[in-house]
Amino acid sequence: MTALSEISRCFEGEIPSLLATCSAEGEPNLAHLSRVFRVDDHHVATSNQFFTKTVANLAANPSAMLVCVDPLTLRAYKLLLRHDHTEDEGEVFDAVRQSIEVIASLTGMTDVFALRCVDVFRVLDVEAIPLSEEG
Amino acid sequence: MTGGRRLIDEELGRFLHGSVSALLGTADLLGVPDCTRIAGVAAVDERQLRVLVADHARTALANARPGARAAVLVTDIVSYRSVQWKGSIVAAGERRTPGDLALLHRHVEAFRAGSARVGIAPELVGRLFPVEVVPLVIEVDAIYDQTPGPGAGRRLDVGSLR
């Protein structure tokens, strides 16, 4: 499995990531993520601001698929995830909040982008999506 | 076309042909979701979308069995206006047609036209899209505003997202 440290550029927030979740009834849902945070070699975190459907799906079904893109090469990676826990305080939450507040202040949307909590996922697999010339 | 309310109008049809990024969400029988890039999307009628995925997108193609639920998220790469349709797969496993190749070419060139405005080198855009594609047809039954922000996830009526 590709190590998360090898794809660190994907977590700089330059290109939005996508999170796919699935309801208990088998209906997929896609949501944009402005930024994904690498917690350690086996975990990533996402900021929970608006994702009502995503939250509902994860409560019923912890499986998720994250697609993130290296902004330099445009190579995309699929990360198979399992929702581990939610945090509304602590080291990870504070780091994510600081990042969100910087973005919000730069865009004048501090109230709109208020962070509710952070979802932490365990990374089960990382798959590189072939680029066209390799396809 | 089957009965029911209209979920794709002319304006949304034009939106699909702009500088958009499109993704297909599917899930397997165990509820594990997948997300794969769409290489072309067009309205077949007011309730059906034809989408093209890479022939090497094995997971998405395996998930796309007739009757399976699917999500199609389309985002203008410049404005971030985003729309998500939910629906069911009604056709899968067909061979691509000459029209599909024309759709693929149009999608890639429209993406390329907007890419420089968002910092993506136009000469790299071709790397994102496959040469060989497989068509899927999805009958949609719901549409949502997915533009990033507090309104994301709001269910829409066609015509309310202008």
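All values below were derived from every heavy atom in this structure, side-chain atoms included, with hydrogens, water molecules and symmetry-related copies excluded. Quick note on labels: first sequence line is chain A, next is B, and so on, each numbered from 1.
Counting heavy-atom pairs closer than 4.5 Å to chain B, the top-ranked of the candidates A/Leu19, A/Val69, A/Thr21 is A/Thr21. Your options are B/Thr36, B/Leu29, B/Val118, B/Thr75, and the one with the most heavy-atom pairs under 4.5 Å with chain A is B/Thr75.
Here NZ of A/Lys53 is found 10.0 Å from CZ of B/Arg155. Values are rounded to the nearest 0.5 Å. To the nearest 0.5 Å, the span separating CG on A/Asn29 from NZ on B/Lys86 amounts to 4.0 Å. Rounded to the nearest 0.5 Å, atoms CZ (B/Arg69) and CD (A/Glu25) are 10.5 Å apart. The CG atom of A/Leu18 sits 7.0 Å away from the OG atom of B/Ser21 when rounded to the nearest 0.5 Å. In this structure, B/Leu73 CG and A/His32 NE2 are separated by 4.0 Å, a value rounded to the nearest 0.5 Å.
Taken together through direct or relayed side-chain contacts under 4.5 Å among Ile, Leu, Val, Met, Phe, Trp and Tyr, A/Ile129 and A/Ile15 form parts of separate hydrophobic clusters. B/Ile38 and B/Ile89 fall within the same hydrophobic cluster, defined by Ile, Leu, Val, Met, Phe, Trp and Tyr side-chain heavy atoms under 4.5 Å apart, directly or through other members. Hydrophobic clustering of Ile, Leu, Val, Met, Phe, Trp and Tyr side chains at less than 4.5 Å, counting indirect connections, unites B/Leu49 with B/Phe15. A/Tyr77 and A/Leu80 fall into different hydrophobic clusters, defined by Ile, Leu, Val, Met, Phe, Trp and Tyr side-chain heavy atoms under 4.5 Å apart, directly or through other members. A continuous path of Ile, Leu, Val, Met, Phe, Trp and Tyr side chains, each step under 4.5 Å between heavy atoms, connects B/Leu16 with B/Val140, placing both in one hydrophobic cluster.
Shown here for B/Pro33 and A/Ala64, the closest heavy-atom pair between the two residues is CG-CA, 3.7 Å. Among all heavy-atom pairs drawn from B/Gly31 and A/Cys22, the shortest one is O-CB, 3.5 Å. What you find for B/Gly25 and A/Pro28 is that their closest heavy atoms are O-CG, 3.3 Å. A/Ala20 and B/Cys35 make their closest contact through CB-CB, 3.9 Å (heavy atoms, listed as atom of the first residue, atom of the second, distance). Here the shortest heavy-atom pairing between A/Ala31 and B/Gln146 reads CA-NE2, 4.5 Å.
For A/Pro62, no part sits under 4.5 Å from any heavy atom of chain B, backbone or side chain. Using a 4.5 Å cut-off between heavy atoms, B/Ile120 contacts chain A through its side chain alone, with no backbone atom that close. A/Leu72 touches chain B through its backbone: at least one of N, CA, C or O sits under 4.5 Å from a heavy atom, while the side chain does not.
For B/Arg127 (side chain) and A/Thr73 (main-chain N/O), a donor-acceptor pair under 3.5 Å exists by modelled atom type. The main-chain N or O of A/Leu30 is found under 3.5 Å from a side-chain atom of B/Gln84 such that the two form a donor-acceptor pair. The closest donor-acceptor contact from the side chain of A/Asn61 to the backbone of B/Val32 lies at 3.5 Å or more, if one exists at all. Between the side chain of A/Ser132 and the backbone N or O of B/Leu128, no donor-acceptor pair lies under 3.5 Å.
Heavy-atom neighbours of B/His105 NE2 from other residues, nucleotides or ligands within 6.0 Å: at or below the threshold of 12. No more than 12 heavy atoms of other residues, nucleotides or ligands shown are found within 6.0 angstrom of CD on A/Glu89. Within a 6.0 Å sphere centred on CZ of B/Arg58, heavy atoms belonging to other residues, nucleotides or ligands number 12 at most.
Counting heavy atoms from C-beta on, the side chains of B/Asp34 and A/Met65 come closer than 4.5 Å.
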